[in-house]
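The structure under discussion appears below in the form of structure tokens.
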Amino acid sequence: MSLKDELIQDRLPAHVAIIMDGNGRWAKKRGNSRVFGHKHGVTAVREVTEAAAELGVGYLTLYAFSTENWSRPKTEVDALMSLLVSTISSETATLMKNNVKLNAIGCKESLPKGVQSKLETCIEKTSTNTGLTLTLALSYSSRWEIIEAVKKVVQDVKDNQLDVSKIDADVISGKMATAGIPDPELMIRTSGEHRISNFLLWQLAYSELYFCDILWPDFRRDDFYRALLDFQGRERRFGKTGDQIKK
Ligand code: IPE
Ligand code: IPE
Ligand code: MG
């Protein structure tokens, strides 16, 4: 039986988030520049997107470039931005074929104009697709997102649109860049690093975390299925006891 066949269809997570890590180390191991690793990471993105779309996962969120990544050498940042432009162009057909809707979260204004316009074009073109929603986190950091959300809440209070007593978790979720998207049930990080790196801090409150040593450019469908199988074997208690969950 293939790994895919072992999955229980009605227990798939509605939303999977991935910290795609390890491109630089993958390239270094091959005596190549870090950018070579980023280029090969695109294959993994395509595989996972197609696998998620085929399975009927509703939402896939990929951490592609963090606010902190702006501090990398300019040559790497420039290469990543060019790669984004070429990848969005070349992958639009794959997104259309798989009925995938593209979305982006992060400080879009900080991205080069070329990236912004390619992104907007692809988002527009795929906007009526009804399958998987693929969200790219670009120039994204969770603290940035939380700060923006706080500003929106304060403004609503100032404008008498919102009473302080009405501020609850739903109000805050609605002000996040991910408004309307369910919280990830599963968060995967590749490359053996065990940290969150400023990703979806609010939304990951009760996510199952899955870490694997595979470097992102080597991540394939079966690795994705393995993560999903691991998720399906977990007991999610949300503060309750195991006995309460089994009832
Ligand atoms: C992840 O791979 C991709 C980005 C952060 C853009 P890295 O570039 O972080 O690769 P490592 O972690 O240095 O190996
Ligand atoms: C996190 O990876 C950001 C992305 C995958 C885009 P990093 O490689 O930048 O994270 P740290 O700095 O090692 O934690
Ligand atoms: Mg890294």
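Counting starts at 1 for both ligands and their atoms, in listed order.
- The name of the N, O or S atom in Asp21 nearest to the Mg ion (ligand 3) is OD1.
- For the residue pair Gln203/Glu145, the side-chain donor-acceptor check at 3.5 Å is satisfied.
- Between Ala64 and ligand 1 there is a heavy-atom distance shorter than 4.0 Å.
- Of all the heavy atoms of Leu215, none lies under 4.0 Å from any atom of ligand 1, so neither backbone nor side chain is involved.
- With a heavy-atom cut-off of 4.0 Å, Arg72 touches ligand 1 through its side chain alone.
- In terms of heavy atoms, Ala27 sits closest to Gly37 at CB-N, 3.5 Å.
- Side-chain contact of Thr67 with Asn198: a donor-acceptor pair under 3.5 Å is absent, judged by distance alone.
- Asp21 OD1, 3.2 Å is the protein heavy atom nearest to atom 8 (O) of ligand 2.
- Near Phe65, the atoms of ligand 2 lying under 4.0 angstrom from a non-hydrogen atom of the residue are 6 (C).
- The residue Ser191 has no part lying near ligand 1, judged by heavy-atom distances below 4.0 Å.
- The shell of residues lying under 4.0 angstrom from ligand 2, judged by heavy atoms, includes Met20.
- For a threshold of 3.5 Å applied to N or O pairs, the pair formed by Asn69 and ligand 1 contains no separation below that value.
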From CA spacing to verdict: salt bridge (Lys or Arg N to Asp or Glu O under 4.0 Å), Lys108, Glu120
CA-CA 10 Å; Lys108 285 163 217 160; Glu120 275 164 29; over 6 Å; no
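- Ring centroids of Tyr210 and Phe231 are separated by 6.0 Å or more, keeping the two rings apart.
- Residue contacts with ligand 1, taken as heavy atom pairs separated by less than 4.0 Å, involve His38 solely via side-chain atoms from C-beta onward.
- Residues Arg72 and Val77 share a closest heavy-atom pair of O-CG2, 3.7 Å.
- In this structure, atom 10 (O) of ligand 2 has a protein heavy-atom contact shorter than 4.0 Å.
- Taking a cutoff of 4.0 Å between a charged side-chain nitrogen and a carboxylate oxygen, Arg234 and Asp230 qualify as a salt bridge.
- In terms of polar-atom proximity, defined here as any N/O pair under 3.5 Å, Ser197 does make such a contact with ligand 2.
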Lys4 vs Glu6, test: salt bridge (Lys or Arg N to Asp or Glu O under 4.0 Å). Steps then yes/no. CA-CA 5 Å; Lys4 189 183 178 188; Glu6 284 178 45; over 6 Å; no
Item to complete: Go through the steps for Tyr206 and Phe238 under the test ring pair (Phe, Tyr, Trp, His ring centres under 6.0 Å), then give the verdict.
Response: CA-CA 7 Å; Tyr206 252 112; Phe238 300 100; 5.0 Å; yes
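- For atom 2 (O) of ligand 2, the closest heavy atom belonging to the protein is Arg189 NH2, 3.7 Å.
- Residue contacts with ligand 2: Arg25 is excluded, as none of its non-hydrogen atoms falls under 4.0 Å.
- Using modelled atom types and a 3.5 Å distance limit, the side chains of Trp70 and Ser139 yield a donor-acceptor pair.
- Under a 4.0 angstrom heavy-atom cut-off, Arg195 registers as being in contact with ligand 2.
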